[in-house]
**Q** 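Dropping a structure here in structure tokens format, bear with me for questions.
For this chain, numbers begin at 1 and follow the sequence in order.
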Amino acid sequence: MKSNILKTAAVVLCALFCTSATAQMKNSPSEPDSKVKSILNSALDKIKTAKAISFDANVVNKDSNKKEVSRQKVKVLMSGNKYRITIDDMVVLCDGKAVYSIDNGTKEATINEPSDSDMDIFNPAKLLQNHDKNFRAKLIREENTQYVVDLTPRKTQNFHKIRLLINKATFQITKVELHNYDSSRNECALSQYKTNATATDTDFTFSAAKYKGYEVVDMR
């Protein structure tokens, strides 16, 4: 259950940071689509100019037959490389130096270092540093109010592609889909998106006093 919740959190972070990573990519001769680069750059500008971002997300997990197997509501607050994600009884915090997974149901907190992986979407700063080699972007189609953009990893990952829906007027991401190799997928619809959210360092900091009585497992 915990692994599913963490994967949900990762899908939500994809909504912002995979777009940021792709927006700055340099197209090769085999990737001539300058329009998709312009779309992603416009979406990136929305993120770069925001001091803090908050949004709600409705995450639906579907099996290979496109049948819904689970649904979760998520709240997200982000500032720079720091974030706070609330999913059911679980909170995932990152203060830029460590990731804290807090399970209020079992009263357990697990501490991990941010991954060194170039493709780790729990480490947005690392992802942004390696944007030029992570993804290929393609504009699939234009719908009435949305651009549909696919991001394909340049190297084999544990997912096949990421599909983004971006509002034509505001260039805000409205939905992200993580497509897995077994044809299952995770769909994340964003709402209540605010680029002027209020955030302080304490929003992203783990406090033992606040979680008194919790078992703390430090995996660093």
**Q** Listed by chain and number, what are the side-chain hydrogen bond (donor to acceptor under 3.5 Å, both in side chains) partners of D218, not counting sequence neighbours?
**A**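 Counting only residues at least two positions away or on another chain, D218 forms a side-chain hydrogen bond (donor to acceptor under 3.5 Å, both in side chains) with R220.
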
**Q** If the test is side-chain contact (heavy atoms from CB on, under 4.5 Å), which one of V176, I87, L178, V74 qualifies with V59?
**A**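 Of the listed options, the one satisfying the test is V74.
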
**Q** I want to check something: taking the side chain as every heavy atom from C-beta on, are N58 and R71 in contact at a cut-off of under 4.5 Å?
**A**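 The answer is yes, as the side chains (C-beta and beyond) meet within the 4.5 Å cut-off.
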
**Q** Does one side chain, of S70 or N61, offer a donor that lies under 3.5 Å from an acceptor on the other?
**A**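 The answer is yes; a qualifying pair exists.
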
**Q** Determine which pairs satisfy salt bridge (charged side-chain N to carboxylate O under 4.0 Å, His left out) with at least one residue from residues 92-101, sequence neighbours left out, and list them in order.
**A**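 Qualifying pairs, neighbours excluded: none.
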
**Q** Once salt bridge (Lys or Arg N to Asp or Glu O under 4.0 Å) is applied, do any residues pair with E215, and if so which ones, sequence neighbours excluded?
**A**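 Listed in chain order: nothing, the list is empty.
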
**Q** Would you mind listing every salt bridge (charged side-chain N to carboxylate O under 4.0 Å, His left out) that reaches into residues 188-197, with sequence neighbours excluded?
**A**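 Residue pairs passing salt bridge (charged side-chain N to carboxylate O under 4.0 Å, His left out), neighbours aside: none found.
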
**Q** Could you check whether any side-chain N or O of S79 sits under 3.5 Å from a backbone N or O of K51, counting only pairs where one atom can act as donor and the other as acceptor?
**A**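 Flag set: sc S79 to bb K51 pair under 3.5 Å.
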
**Q** Enumerate the residue pairs fulfilling salt bridge (charged side-chain N to carboxylate O under 4.0 Å, His left out) with a member in residues 200-210, sequence neighbours excluded, ordered by first and then second residue.
**A**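 As it turns out, the salt bridge (charged side-chain N to carboxylate O under 4.0 Å, His left out) pairs with a partner in residues 200-210, which skip direct neighbours, are K82-D201.
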
**Q** Considering all heavy atoms of both residues, which atom of A137 and which atom of L151 are nearest to each other, and what is their separation?
**A**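 Minimum heavy-atom contact is CB-CD2, 4.0 Å.
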
**Q** For K168, I'd like to know if atom NZ has over 12 heavy atoms of other residues, nucleotides or ligands within 6.0 Å.
**A**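 More than 12 heavy atoms, drawn from other residues, nucleotides or ligands, come within 6.0 Å of this atom.
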
**Q** Heavy atoms only: give me the nearest L139-V36 pair and the separation to one decimal.
**A**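 Scanning both residues completely, I find the closest heavy atoms to be N-CG2, 3.9 Å.
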
**Q** Within the distance-only criterion (no hydrogens, no angle test), does the side chain of D88 pair as donor or acceptor with the backbone N or O of M90 below 3.5 angstrom?
**A**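 Flag not set: sc D88 to bb M90 has no pair under 3.5 Å.
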
**Q** Got E142 and Y147 here, is their nearest side-chain heavy-atom distance under 4.5 Å?
**A**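 Counting from C-beta outward, E142 and Y147 do come under 4.5 Å.
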
**Q** So, N104 side chain and D89 main chain: donor-acceptor pair closer than 3.5 Å or not?
**A**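 Confirmed, N104 side chain pairs with D89 backbone.
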
**Q** Check whether any side-chain heavy atom of V99 lies under 4.5 Å from a side-chain heavy atom of Y83, and answer yes or no.
**A**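 Result yes, sub-4.5 Å side-chain heavy-atom pair found.
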
**Q** Name all residues meeting the salt bridge (Lys or Arg N to Asp or Glu O under 4.0 Å) criterion together with R185; count only those two or more places apart in sequence or in a different chain, and write none if there are none.
**A**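 So R185 forms a salt bridge (Lys or Arg N to Asp or Glu O under 4.0 Å) with E187.
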
**Q** Can you check whether S184's main-chain N or O pairs, donor with acceptor, with D182's side chain at less than 3.5 Å?
**A**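 Yes, the answer is positive, given that a donor and an acceptor are paired below the 3.5 Å cut-off.
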
